[in-house]
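Each remark here refers to the structure printed beneath this line.
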Amino acid sequence: MDMMKLRFRRPKGLKNDPTPNLYVANCGPAVGISFDSIVSAFGIFGTVIGVRAADETGTRVIVCFSEVSAAQAAYKALNGHPCADLGGRTMHICYSVEQPPPKVPGDGSIPVSLLASDLAIPGIYLVHDFITLEEEQELLAEVDSRQWSNLSKRRVQHYGYEFLYKTRNVDSQQFLGELPSFVSIILQKLQSFPGLDCKRSKEINQLTVNEYPCGVGLSPHIDTHSAFDELIFSLSTAGSCIMEFRRYSDPGTWRLPAASVDEIHEDNIDLSSNFTRKAIFLPPRSMLLMTGEGRYAWHHYIPHHKVDTIGEKEIRRSSRRVSFTFRKVRKGPCCCSFKQYCDSQIDAGSNNQNQ
Ligand SMILES: O=C(O)CCC(=O)C(=O)O
Ligand SMILES: [Fe+2]
């Protein structure tokens with residue numbers, strides 16, 4: 001059996017019987033530790049069949065041994081103790097279990113709200129006709145006269161600070177300049193966004209423009225807490241889509257695709273875990289605000305559909321949707337009260353999720 005083709009995960013609950021496979025947190029390429037050095041460091045305890053990423057963070061790996069006893073020895077020696085062979089790094093280890101095959105969801109459809117009040121997720125707001133048709137045309141003309149960067153399925157532009165898809169964060173040391181003047185009108189309108197203190201929307205300093213061709217969506221994610229402040233605005237132009245929100249019942253799954261991931265697809269998501277799903281229709285020229293619980297604890301997701309079904313109606317997506325996501329780059333760690341979803345508080349904290 002090819003061990004590396006099997007899917008392993010962190011065990012749920014307290015029971016953690018030894019297996020030959022270790023789930024190792026605080027270790028991996030994103031913290032400067034190559035797979036080769038992991039093989040050597042763990043190889044001291046027995047034959048390592050393979051090492052691979054446990055998820056997309058680059059900071060958690062699965063180490064597969066040929067024998068349970070070797071995994072036990074490595075666990076005993078390295079869990080919570082600094083490892084001299086890996087630069088004195090302290091790892092958090094548990095025995096990994098085989099992932100059950102994903103359940104095939106029903107037909108996948110859920111009711112789609114037209115209004116945020118019907119969606120009833122705390123912190124999610126939607127304002128229809130936030131901009132006029134003319135303003136929409138102007139915005140599109142401006143971005144189309146600028147350079148797009150190609151991701152695998154969509155094109156993007158970043159202003160203020162670049163969003164780095166590998167780390168799902170921004171390089172806050174690298175300021176690209178003020179937001180362009182063609183969005184001044186939007187920034188001005190955001191100051192009178194219903195129910196918001198205008199000071200908070202004044203501080204926006206990052207813009208990502210996403211162009212989705214028909215049928216392309218966005219994998220479920222939470223915008224990285226440590227990268228961006230609480231308020232996240234997204235203006236839809238040129239086309240519509242539905243946006244699905246998911247609140248996972250197992251906080252462990254929060255680590256799956258975070259932020260605007262390009263290369264990660266739906267089949268990487270742990271469909272066997274439970275989540276509550278809600279969806280809202282985002283028409284062109286509408287402005288979505290994600291804040292509070294909706295921003296910090298719910299994944300947002302754009303299904304990869306060419307047609308969105310809203311009640312009895314089928315709405316064909318147009319040739320493209322262009323969204324303008326406005327955020328403020330965070331200075332210092334996030335201190336939200338949704339700790340289990342918060343990379344500032346889990347990775348830097350006790351790491352008790354892995355113990
Ligand atoms: O296209 C959108 O409205 C959402 C974009 C988004 O979620 C993101 O860039 O993080
Ligand atoms: Fe997002």
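In each ligand, atom 1 is the first atom listed, and ligand 1 is the first ligand listed. Residues: numbered from 1 along the sequence shown. All values below were derived from every heavy atom in this structure, side-chain atoms included, with hydrogens, water molecules and symmetry-related copies excluded.
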Exercise for the section: Would you mind telling me which of F245, F275, Y248 makes a ring-ring contact (aromatic ring centres under 6.0 Å, His included) with H299? Expected result: Y248
Exercise for the section: Could you tell me if any non-hydrogen atom of D223 lies under 4.0 Å from any atom of ligand 1? Expected result: yes
Practice task
Kindly indicate whether the side chain of N21, heavy atoms from C-beta on, has any atom under 4.5 Å from the side chain of F65.
Solution key: no
Handout entry: Main-chain N/O of F130 paired with K189 side-chain donor or acceptor, under 3.5 Å
Key = yes
Exercise for the section: Give the numbers and elements of all ligand 1 atoms closer than 4.0 Å to a heavy atom of M243. Expected result: 3 (O), 4 (C)
Exercise for the section: Report yes or no: is the cationic atom of R327 (NZ for Lys, CZ for Arg) under 6.0 Å from the centre of the six-membered ring of F163, at an angle within 45° of the ring normal? Expected result: yes
Handout entry: Presence of salt bridge, K328 and E203, under 4.0 angstrom
Key = yes
Problem - N/O donor-acceptor pair under 3.5 Å between S96 side chain and I62 backbone - result: no
Handout entry: Sole candidate of L139, L282, L288 that passes side chain to side chain contact (heavy atoms under 4.5 Å, CB included) when paired with L235
Key = L139
Fill in the blank from the handout: If we number the atoms of ligand 1 from 1 as shown, the ones under 4.0 Å from a heavy atom of S323 are 1 (O), 2 (C), 3 (O)
Problem - Identified side chain to side chain contact (heavy atoms under 4.5 Å, CB included) partner of R168 from the options I222, D223, T224 - result: T224
Problem - Region of F163 engaging ligand 1 - heavy atom pairs below 4.0 Å - result: neither
Completion exercise
Counting heavy atoms under 4.0 Å, the part of H299 that contacts ligand 1 is neither
Completion exercise
Atoms of ligand 1 under 4.0 Å from any heavy atom of R321, numbered from 1 in the order shown, are 1 (O), 2 (C), 3 (O)
Handout entry: Common cluster, L231/L119, ILVMFWY with side-chain heavy-atom separation under 4.5 Å
Key = no
Practice task
Number the atoms of ligand 1 from 1 as they appear, then name those within less than 4.0 Å of a heavy atom of S234, with their elements.
Solution key: 2 (C), 3 (O), 4 (C)
Exercise for the section: Can you sort out which atoms of ligand 1 are near N210, meaning under 4.0 Å from one of its heavy atoms? Expected result: 5 (C), 9 (O)
Problem - ligand 1 atoms in contact with L218 (distance to a heavy atom under 4.0 Å) - result: 5 (C), 6 (C), 7 (O)
Practice task
Determine, using heavy atoms of E211 and all atoms of ligand 1, whether some pair is separated by less than 4.0 Å.
Solution key: no
Problem - Residue Y212 vicinity, atoms of ligand 1 by number, heavy atom under 4.0 Å - result: 1 (O), 2 (C), 4 (C), 5 (C)
Exercise for the section: Work out whether the distance between some heavy atom of I302 and some atom of ligand 1 is less than 4.0 Å. Expected result: yes
Handout entry: Closest approach to the Fe ion (ligand 2) by D223, given as the N, O or S atom name
Key = OD1
